[in-house]
There are 2 protein chains.
Amino acid sequence: MQEAMENPVQNTGIEVPLLEKVRRQVINGRYGPGDLIPEIVLAEEFGVSRTPIREVLKQLQNEGLVEIRPRVGTFVREPTRREIVELFELKESLEGLAASLMARRGRVRELETLERNLEASDVAASEGNSQSYAELVHEFHWTLVRGADNRKLYETYERLMNQLAYHRIVVDTVTRPGRLKASDNEHHAVVEAIKRKDALDAEFTMRNHVRASSQAALAPTDYPRLTEAGALDNTEEHSPTVRSSPHGC
Amino acid sequence: MQEAMENPVQNTGIEVPLLEKVRRQVINGRYGPGDLIPEIVLAEEFGVSRTPIREVLKQLQNEGLVEIRPRVGTFVREPTRREIVELFELKESLEGLAASLMARRGRVRELETLERNLEASDVAASEGNSQSYAELVHEFHWTLVRGADNRKLYETYERLMNQLAYHRIVVDTVTRPGRLKASDNEHHAVVEAIKRKDALDAEFTMRNHVRASSQAALAPTDYPRLTEAGALDNTEEHSPTVRSSPHGC
DNA sequence: CCATGGCTTCTTGCATACATGAAATCTATG
DNA sequence: CATAGATTTCATGTATGCAAGAAGCCATGG
């Protein structure tokens, strides 16, 4: 009854590596927001015809990453600030649901993963290793959503995160003063509530955590960052290697 | 900044009427769960080539309504009971979020729509007109989600409802004894909380309401229905005209 | 009678050609 | 020099042809 969830990418019938490769090329490649993406260029680049490229682009449009203007062309979409806020509101609700569902499940494998994650996060937090911590944050949130054992929730979450992940608007807020340790403490509180099987507490602790990190991500960043690597990249340029975490902490 | 929301169907670049027509044909037409849907049949039926049909089918797969097995064919998907439960869990969370967001907005146009809906619902409930009430329930929930003024939430909700709407598993639970008036009362409570701008109360009142109607929809239906029209249709046959509400009450 | 092997058929997946329409450019005129 | 109009170009939208693979079927052997 419980199907495997090992494939995070929806089975679209499209050869998955192609979709993934086009995604990277489109978002992290030489195409910036507003740029036209000619189908034929991608087709030649990947050695296929326009047909599968069109399918991939339609999928990307469905994910909200590009906009296809009929008879005109496909353009990289620039999410508005309003959309970012909307996505964060949904993120808060969905992760709250995930925490609630996981709390009701009892001791499952994902709970142990979270506990190990906390240990590693404590180390990274005490060392101030924000790069390492950012990755652990990433794992924490995805483990939680996976631990909810609700495939539709997982797919919905994945869908929304795809819209947030590849845009430079959301940067690793973990580098902001104080946020790192606060985030770590909030993670602890969530896991504690889950261990107590207190679904309501788990949900609201998680929601508060997501809201806090979302606000940190959305707040203007006037003050200097704590790390030099991956400093705030608000210019229209886009770095080929994205160091920033795809979501807040 | 605030874009219009008048188009509930995502702009996919596909000629929208075609997508809609294929959806009906596929789900309410002669194709039942598990049936193969040959592209060429639809193509000839609608007087187009296979290419736009393929795009439509891919979109329907993305919505979860069909399954494309590579090199084999496209089949109408039968959602499992587990999936239904998962979708209801998400529905509860999303509609709770919608109520919460709407409560924070103050007096907006959609609130007046809800109030008019309640008046009409009271009449339908007192008359025991479950057909009329079912339509009002439908309008109530969609108005609430629209009133949240969060486009991403709206799109996500639409996406999930598409997966629930056209399957005969979810029937109008409004015809069950007691559920009709209970539902009406719950709607009143939600609107009251919104008018009081009590976001938390609005959210949980709505969540409780969704949970109650979801459980009613999922519960086994041993006892006779109160209406003769659109009686529980659990056979593999599917009526050409679907009378059942696409969601609970 | 049952099982197994090959064959036929059917369906999709991809490539390509052509039509359509929008945008940009070039030109001619006020 | 600016502007309006026509033309040219370019990218998409659609149709169609062909190949590959999977499922079903039939025949044959045990």
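Chain naming here is simple, since letters A, B, ... match the order of the sequence lines and numbering starts at 1 in each.
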Side-chain contact check for P52(B): nearest option of dA15(D), dA15(C), dA11(D) is dA15(D)
- Going through the checks in order, is the salt bridge (Lys or Arg N to Asp or Glu O under 4.0 Å) test met by R159(B) and E155(B)? CA-CA 6 Å; R159(B) 198 176 175 70; E155(B) 291 172 0; over 6 Å; no
Here the distance between atom P of dA23(C) and atom CG of L36(A), to the nearest Å, is 12 Å
| request: Establish, yes or no, whether the cationic atom of R211(B) lies under 6.0 Å from the six-membered ring centre of F88(B) and within 45° of the ring axis. | output: no
Rounded to whole Å, CD1 of I40(B) lies from P of dA15(D) at a distance of 12 Å
**Asked** Does S49(A) have a side-chain nitrogen or oxygen under 4.0 Å from the phosphate oxygens OP1 or OP2 of dA15(C)?
**Response** yes
Atom OH of Y31(A) and atom P of dA11(D) are separated, to the nearest Å, by 11 Å
Row check, F75(A) ring normal vs R69(A) NZ/CZ: under 6.0 Å, within 45°: yes
Atom NZ of K58(A) and atom P of dC14(C) are separated, to the nearest Å, by 16 Å
*Polar side chain donor-acceptor pair, T113(A) to R109(A), under 3.5 angstrom*: no
Contacts of T51(A) and E39(A) projected onto DNA chain D by closest heavy atom; the upstream (5') one is E39(A)
Among the nucleotides dT12(D), dT16(D), dC14(C), whichever has the atom closest to the side chain of T74(A) is dT12(D)
Taken to the nearest whole Å, CD/E55(A) to C1'/dC14(C) is 9 Å
Exactly one candidate in E86(A), E83(A), E89(A) meets salt bridge (charged side-chain N to carboxylate O under 4.0 Å, His left out) with K152(B); the answer is E83(A)
With sequence neighbours left out, the residues meeting side chain to side chain contact (heavy atoms under 4.5 Å, CB included) with E44(B) are I40(B)
Would you tabulate the nitrogen or oxygen pairs shorter than 3.5 Å linking the protein to nucleotides 20-25 of chain D?
| unit_1 | atom_1 | unit_2 | atom_2 | d |
| --- | --- | --- | --- | --- |
| dA20(D) | N3 | R71(B) | NH1 | 3.3 |

Open item on the list: Categorize I37(A) for me: base, sugar-phosphate, or nothing, with a 4.0 angstrom heavy-atom threshold over every strand shown.
Closed with: sugar-phosphate
With the side chain defined as heavy atoms from C-beta on, R50(B) is closest, among dT11(C), dC14(C), dA15(C), to dC14(C)
Can Q59(B) and E63(B) be counted as having a side-chain donor-acceptor contact under 3.5 angstrom?
-> yes
